[in-house]
Colleague: 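Got a structure here, written out as structure tokens. Questions coming.
Both backbone and side-chain heavy atoms feed into the values below; hydrogens, waters and symmetry mates do not.
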Amino acid sequence: MSTETPIGRWIPLESNPEVLNAWANKAGLVASQAQFEDIYGLDSELLALVSQPVNAIILLFPITEALETRRKQEDERIASQGQHPVDPTVFWMKQTISNACGTIGLLHALANSDVTIVPESPLARFIDECKDKTPEERAKTLETTPLFANIHAEAASGGQTSVPVDLNTDLHFTCFVKAPSPPREEGIVPDEAARVIELDGRRQGPIDRGECVDLLQDVARFVREVYVANTASVQFSMLSLGPPAS
């Protein structure tokens with residue numbers, strides 16, 4: 001999504017596997033171990049085509065009035081009433097750079113997945129540098145490092161469509177990952193199942209989306225019931241992070 005910021009505006013990333021993999025591989029993902037691939041639809045037959053296990057899911061969705069109203073109401077509810085506890089080891093950061101939601105989504109997906117990252121790569125260095133920082137401090141680090149700005153620009157310029165002259169966009173990336181349910185008391189491991197966590201740099205923090213039995217199926221159901229149900233637009237795209245497709 002594009003909003004005016006003092007930091008500047010990046011070129012929007014195109015939502016396709018070639019662009020996301022170009023970004024991830026350049027940043028330090030070991031390509032032979034994991035890659036992004038298209039999720040072609042939300043019905044069971046198309047979900048069955050996705051390589052398993054799925055480590056993370058990135059969703060590109062249209063910003064609509066209904067979704068914006070829901071987002072604001074949900075943020076207010078969580079601020080006043082709280083939500084199911086989120087595992088404190090989940091890596092989340094604020095988005096402060098216009099049109100950087102694609103890079104934020106990629107960082108959220110890769111930093112919270114059991115994937116192999118090249119030591120001393122830009123991704124490894126960024127995660128290590130940010131592990132003890134606040135979400136706002138992580139955003140500041142992204143603002144000041146040239147590593148991902150260059151990788152983002154190169155990946156954005158390598159998409160299937162030409163770079164737009166108007167960089168305003170009403171599309172936004174968010175990410176879903178699986179995380180353990182945190183202990184309610186110190187030293188006590190809960191019997192609860194893992195949780196689906198949505199990571200969006202525009203929000204106030206990670207958002208618990210309920211029990212996670214199967215990440216792909218659970219996210220598909222949530223996207224269908226919440227995102228797709230709140231717009232007539234067809235400008236949706238989903239990609240999964242998992243084993244390289246054979």
Side-chain angles (χ1 to χ4, degrees), residues 1-24 26-27 36 38-39 56-65 67-68 70-72 74-75 90-113 122-123 126-127 130 135-136 138-145 147-159 161 163-164 166-177 197-207 209 219 222-223 226-227 230-231 233 235-241:
M1 179 183 180
S2 174
T3 55
E4 289 295 340
T5 71
I7 299 97
R9 180 178 295 185
W10 290 6
I11 303 168
L13 281 185
E14 198 172 301
S15 181
N16 69 59
E18 291 76 19
V19 169
L20 268 59
N21 285 325
W23 187 104
K26 186 82 172 180
F36 288 94
D38 278 316
I39 299 173
I57 294 170
I58 289 181
L59 169 70
L60 179 72
F61 66 93
I63 301 294
T64 65
E65 184 176 347
L67 286 172
E68 284 295 275
R70 185 186 185 281
R71 174 180 68 86
K72 293 171 183 175
E74 185 173 53
D75 283 346
V90 170
F91 182 98
W92 177 78
M93 61 185 291
K94 288 287 289 182
Q95 179 187 342
T96 55
I97 304 172
S98 185
N99 290 341
C101 57
T103 280
I104 300 293
L106 283 158
L107 288 170
H108 283 153
L110 295 165
N112 292 291
S113 295
L123 187 57
F126 183 81
I127 293 172
C130 289
E136 292 75 18
R138 291 167 179 170
K140 192 66 178 177
T141 301
L142 183 63
E143 291 174 18
T144 56
T145 178
L147 295 173
F148 294 109
N150 296 338
I151 291 171
H152 180 107
E154 185 176 332
S157 300
T161 57
V163 175
D166 182 2
L167 296 182
N168 287 314
T169 177
D170 290 324
L171 300 175
H172 184 69
F173 284 96
T174 189
C175 174
F176 297 87
V177 298
I197 305 297
E198 183 173 3
L199 303 170
D200 183 340
R202 290 199 309 150
R203 307 301 291 264
Q204 300 306 308
I207 303 175
R209 293 305 185 196
V219 171
F222 179 80
V223 168
V226 174
Y227 281 97
N230 277 288
T231 177
S233 172
Q235 291 183 293
F236 286 89
S237 175
M238 286 176 64
L239 297 100
S240 64
L241 175 63

Colleague: Please report the interatomic distance CZ(Phe173) to CZ(Phe61), rounded to the nearest 0.5 Å.
Modeller: 10.5 Å
Colleague: Do Val219 and Leu59 have side chains that approach each other closer than 4.5 Å (heavy atoms only, starting at C-beta)?
Modeller: no
Colleague: Trp92 and Pro206: which non-hydrogen atoms are nearest, and at how many Å?
Modeller: CB-CG, 3.7 Å
Colleague: Are Glu74 and Arg70 within salt-bridge range, i.e. N to O under 4.0 Å?
Modeller: yes
Colleague: Show your reasoning for whether side chain to side chain donor-acceptor pair (under 3.5 Å) applies to His172 and Asp200.
Modeller: CA-CA 9 Å; His172 184 69; Asp200 183 340; 2.8 Å; yes
Colleague: Just how far is it from atom CZ of Arg71 to atom CD1 of Ile207, taken to the nearest 0.5 Å?
Modeller: 9.5 Å
Colleague: So Phe36 and Asn16, side-chain contact (heavy atoms from CB on, under 4.5 Å) or not? Walk me through it.
Modeller: CA-CA 9 Å; Phe36 288 94; Asn16 69 59; over 6 Å; no
Colleague: Roughly how far, to the nearest 0.5 Å, is the CG atom of Leu241 from the OG atom of Ser113?
Modeller: 5.0 Å
Colleague: Say whether, by atom type as modelled, one donor and one acceptor occur between the side chain of Asn112 and the main chain of Val90 under 3.5 angstrom.
Modeller: no
Colleague: Start with the C-alpha distance between Leu106 and Leu13, add both sets of side-chain angles, then the distance that settles side-chain contact (heavy atoms from CB on, under 4.5 Å), and finish with yes or no.
Modeller: CA-CA 11 Å; Leu106 283 158; Leu13 281 185; 3.8 Å; yes
Colleague: If I compare all heavy atoms of Lys94 with all of Arg202, which pair ends up nearest, and what's the gap?
Modeller: NZ-O, 3.9 Å
Colleague: What are the two closest non-hydrogen atoms of Ala56 and Val177, and how far apart are they?
Modeller: CB-CG1, 3.9 Å
Colleague: Side-chain contact, heavy-atom cut-off 4.5 Å: Leu239 with Ser237?
Modeller: yes
Colleague: Which pair of heavy atoms, one from Ser15 and one from Leu20, lies closest together, and at what distance?
Modeller: CA-CD1, 4.5 Å
Colleague: Under a 4.5 Å cut-off applied to non-hydrogen side-chain atoms, are Met238 and Ile57 in contact?
Modeller: yes
Colleague: Measuring from atom SG of Cys101 to atom CG of Leu171, what distance do you get when rounded to the nearest 0.5 angstrom?
Modeller: 8.5 Å
Colleague: Check the pair Phe126 / Phe148 against ring-ring contact (aromatic ring centres under 6.0 Å, His included), numbers first and verdict last.
Modeller: CA-CA 9 Å; Phe126 183 81; Phe148 294 109; 5.2 Å; yes
Colleague: Can a salt bridge be assigned to the pair Glu198 and Arg203 using a cut-off of 4.0 Å between side-chain N and carboxylate O?
Modeller: no
Colleague: Tell me if the CD atom of Gln235 is crowded by more than 12 foreign heavy atoms within 6.0 Å.
Modeller: no
Colleague: Ignoring hydrogens, what is the shortest heavy-atom contact between Cys130 and Arg138? Give both atom names and the distance.
Modeller: O-NE, 2.9 Å
Colleague: Taking the side chain as every heavy atom from C-beta outward, state whether Met93 and Phe91 have any pair of such atoms under 4.5 Å apart.
Modeller: yes
Colleague: Rounded to the nearest 0.5 Å, how far apart are OG1 of Thr174 and CD1 of Ile58?
Modeller: 9.5 Å
Colleague: Under a 3.5 Å distance rule, please check whether Thr144 uses its side chain to pair with a backbone N or O of Thr141 as donor and acceptor.
Modeller: yes
Colleague: Working to the nearest 0.5 Å, report the span between CD of Gln95 and CD of Glu143.
Modeller: 10.5 Å
